[in-house]
Every structure is written in structure tokens, then in C-alpha cells.
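Below, each value reflects all heavy atoms present in this structure, side chains not excepted, and no hydrogens, waters or symmetry copies. Sequential numbering from 1 along the given sequence is applied to the chain's residues.
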Amino acid sequence: MFLQRRLVLPLVFTTLSATACFAKSTQETATPALSAPAPEIFAPGEISGPANDGAPTFSPDGNTLFFTRTTAQWTVIVESHVESHKVNGHWSHPVVAPFSGEWPDSSPAMSPDGSYLVFQSTRPKVPLTDATRPKPGEPIPGIVSNLWRVDRVGAGWSEPKRLPDAVNVVGQSIWKPSIAADGTIYLTAIDKKGSKRLYSSAYKDGAYQDAQPLAFSDGTTMDVDPEIAPDGSFLVFVSAGRMPGNTKDHLFVVLKKGEGWGPVTPIRYAGDEKPYSFSTDDEPRLGPDHRTLYFSSDRVVPVHFPRTHEQAQKDLERLDLWDNSNANVWFIPLSPWLKTEL
């Protein structure tokens, strides 16, 4: 999960200083890994930059994106504006999203129709008023990691509104949403013992139903960061507990099978073969075509020695631009894991 891997921002239940617990698991995946081409860096120097950058969520037309940009101490959601989106094939300079910045926000998820956006925020469950706002340096009451929603209003956005307890499971820390076309929200829930599990909250008759755990995610395999296909036919997620002897975050995919789910398959790509899987890959997002997978990773471009002075200068320029071992956005085609089933 992007924040917990990249930041010195802890799991939050009642204060910003609560500490997360991490468990270990050795559960095997059900099917062997498939191979794919090596991922490509996305928009180096524009979206992937010197900070830690989370995978973007796209507007339906692909002309606007929102993503998380972080330092070691704070995080904010940024966007590239529609009106200045692609100039000569380049993304515009990201700016803070109008609904973000007051509190630590992350993991924006656009609805498939683009009418609203759900994001994680570490803020008071009940908005502060002048009477309840503490003085600088005083503890902030009621801090919790929950999901919030903003609706598209003309060219802007509504004020953030916390989703109901049916989605924000009481007593758990809620992270990284994803939205299906039918309104179902998929999410990560972390309990006070540090157990991580994937849930979904269906949207029926104008209301969210109580979130239910996904059958393949039992809380022992450190599953986080779900990304659902708009039609619900497959789900990509992240786990740190499904490969024996490997506790780094890796990508997995599971296909819908009837009313349930099929076997979990690891997404391994060229340059990430066992036992050389040094990178941490998380926060998967689907592109506008729903077949390109974007994800955040601390992987770097391999450097081979001996090298020429000219190559060393090129490597330095790339380091200054983005390739500095922080999290950047990469993308790969998802078709090798879907073509036989969809």
C-alpha cells in the first residue's frame, strides 16, 4: 500500500502517531506466474518525478489524471487540468487538487463515468469547527483513516463528504478505494492488530451495503490496494504475503468466476523474476482502456559497469529527473493475464 510503504505516515485509528503492525504469511498463490514485457516509466519528469508518486486514476476520456505525490512526512492529491492536459504530447504541471491539501490525502479513485471521485484521507471523522479546532501544536481529536467522496460540479468539485460506516468499517483503518461501474467500492481494511484484508461494499437502491471481505483475502496474506475492472470481471491487488521468503509488495490478479473468484495469479514481468524481485510494486490503477496497468514502484533503470563517461552523465541526468529510487509510475499491458479468460 503506497502510503505505508513509502512514507513515515503510520496506520491511524485515533491519532496521527498510532503505529501499524505487520504480520508475515507464507501462503502460496494458486497458479503460476505469467510473463510480460518489462514495464515502461510513465511521463518521466512530469508525473514520475523526484518525489514519491502514486499511480494515477484517469478521467474516462483519458485527458485528466489525479494521483498522490508525497514526501517522507506529508502527502497530497494532485491533478493535471483538462484544459491544459496534453501540450505537444506532454502532461501539464501537476497542481494540488481543489479538494485536497488541508489533510493528508491519498489514493484517488475516479468513478468509471467520471461523475465522482473517492479518496483516502487521514482527518477527523467529524469536520472541525471554530469551536473544536485545536491550537497549533495541540492534539487533533478524532483522526482516522477513512474514505471520502467528492462529486463533479460543473468544472469543479463538491466539498469532501465522508462515506458511511457501511464503507468505512468501524474500528478499522480504511485505505485505497476502487470503484466498479455498478457503484460497488473495493477497499483495504486494516484492523488494530495490523491484519490487512480486501473488502467490497455494494451500492444498491441508492445506499452502500455493509462492506464484506473478499473470499480469497482471509487476512493472513497482507492483501492491499484493490483495483477492480469497471465491469467487475477481474481485480488487481497487492500482497506481501503470498510468496514464501519474499515479503515485498507484489502485484496479483484474480478473475471473476461465476458468483465468486478464480485462482490468484502473480503478475511478474521482465526484470522482476524470482529471486531477483528487489522492487516494491503497489497501488495498481487501470488506464482508460482498462487493459493497461499503471502501478507505483521503486524499481530503477539498471546500470551496467564499466560505463563510459557519457553514459555516466546520462545516468546522472536521469537521476536528477526521476530515477532516484523513490516511487515512480510504471505501466505494462495487462493482456497476458486476461486474454485467455476475457
Side-chain angles (χ1 to χ4, degrees), residues 1-2 33-49 53-69 77-80 82 85-86 89-92 94 107-114 117-118 176-181 186 224-239 249-256 262 264-272 279-301 322-323 327-342:
M1 198 163 63
F2 182 76
L34 300 175
S35 61
E40 299 179 53
I41 188 68
F42 176 64
E46 299 168 357
I47 305 303
S48 295
D53 298 309
T57 187
F58 291 88
S59 61
D61 62 7
N63 288 334
T64 304
L65 55 75
F66 296 82
F67 67 101
T68 309
R69 178 158 284 177
I77 295 171
V78 296
E79 68 169 315
S80 289
V82 175
H85 162 57
K86 287 183 178 177
H90 296 283
W91 290 92
S92 62
S107 306
M110 182 80 73
S111 65
D113 65 1
L117 187 149
V118 175
K176 209 281 185 181
S178 181
I179 309 166
Y186 291 75
V224 297
D225 294 2
E227 175 70 350
I228 189 68
D231 63 2
S233 59
F234 65 90
L235 182 139
V236 180
F237 69 99
V238 170
S239 179
D249 278 344
H250 291 291
L251 301 167
F252 297 82
V253 63
V254 59
L255 307 182
K256 193 72 174 177
V264 172
T265 301
I267 297 176
R268 309 310 296 270
Y269 49 77
D272 189 44
S279 63
T280 293
D281 301 335
D282 51 24
E283 204 178 6
R285 289 293 186 199
L286 296 174
D289 63 358
H290 308 147
R291 291 298 183 272
T292 302
L293 182 67
Y294 295 80
F295 62 98
S296 182
S297 178
D298 59 4
R299 72 192 310 269
V300 297
V301 175
W322 66 270
D323 193 16
N328 287 293
V329 182
W330 299 76
F331 66 97
I332 54 173
L334 199 54
S335 54
W337 295 271
L338 304 179
K339 62 185 179 182
T340 61
E341 299 287 345
L342 300 180

Does a side-chain heavy-atom distance below 4.5 Å link I332 with I267? yes

Look up atom OG in S80 and atom CZ in F58, then write down how far apart they are to the nearest 0.5 Å. 9.5 Å

Any idea how W330 and W322 line up, ring-wise: parallel (<30°), tilted (30 to 60°), or perpendicular (>60°)? perpendicular

Answer yes or no: is there a donor N or O on one side and an acceptor on the other, between the side chain of D249 and the main chain of T280, under 3.5 Å? no

What are the two closest non-hydrogen atoms of P226 and S178, and how far apart are they? O-CB, 3.3 Å

Between S59 and P288, what is the shortest heavy-atom contact and its length? O-CG, 4.4 Å

How about F295 and D225: do any of their side-chain heavy atoms sit closer than 4.5 Å? no

Is there a side-chain contact between D231 and H290, using heavy atoms and a 4.5 Å cut-off? no

Donor-acceptor under 3.5 Å (T68 side chain, G54 main chain): no

If the condition is side-chain contact (heavy atoms from CB on, under 4.5 Å), which residues does P112 pass it with, not counting sequence neighbours? I179, A181, P230

Does K176 use its side chain to pair, donor to acceptor, with the backbone of A109 at less than 3.5 Å? no

CH2 of W91 to CG of L65, rounded to nearest 0.5 Å, is 4.0 Å

Using the side-chain contact (heavy atoms from CB on, under 4.5 Å) criterion, which residues pair with V78? Sequence neighbours excluded. F67, R69, V76, P94

Option among L235, L286, V236 that satisfies the side-chain contact (heavy atoms from CB on, under 4.5 Å) test with I228: L235

Step by step, would you call D281 with S297 a side-chain hydrogen bond (donor to acceptor under 3.5 Å, both in side chains)? CA-CA 4 Å; D281 301 335; S297 178; 2.6 Å; yes

Is any side-chain heavy atom of L338 closer than 4.5 Å to one of L255? yes

side-chain hydrogen bond (donor to acceptor under 3.5 Å, both in side chains) partners for T57, two or more places apart: none

Of all the heavy-atom pairs spanning P108 and L117, show the shortest one and how long it is. CB-CD2, 3.8 Å

Contacts of type side-chain hydrogen bond (donor to acceptor under 3.5 Å, both in side chains), residue S111, not counting sequence neighbours: D113

Quick check: do V224 and D282 have side-chain heavy atoms less than 4.5 Å from each other? no

Is there a side-chain contact between R285 and S107, using heavy atoms and a 4.5 Å cut-off? yes

Within this structure, what is the CZ-CH2 distance for the pair R291 and W337, rounded to the nearest 0.5 Å? 13.5 Å

Y186: what forms a ring-ring contact (aromatic ring centres under 6.0 Å, His included) with it, not counting sequence neighbours? none

Can you tell me how far apart CG (L251) and OG1 (T265) are? Round to the nearest 0.5 Å. 12.5 Å

State the CD1-CG distance between I47 and D53, to the nearest 0.5 angstrom. 7.5 Å

Contacts of type ring-ring contact (aromatic ring centres under 6.0 Å, His included), residue F237, not counting sequence neighbours: F216, F252

Return the NE2 to OG distance between H250 and S279, rounded to the nearest 0.5 Å. 6.5 Å

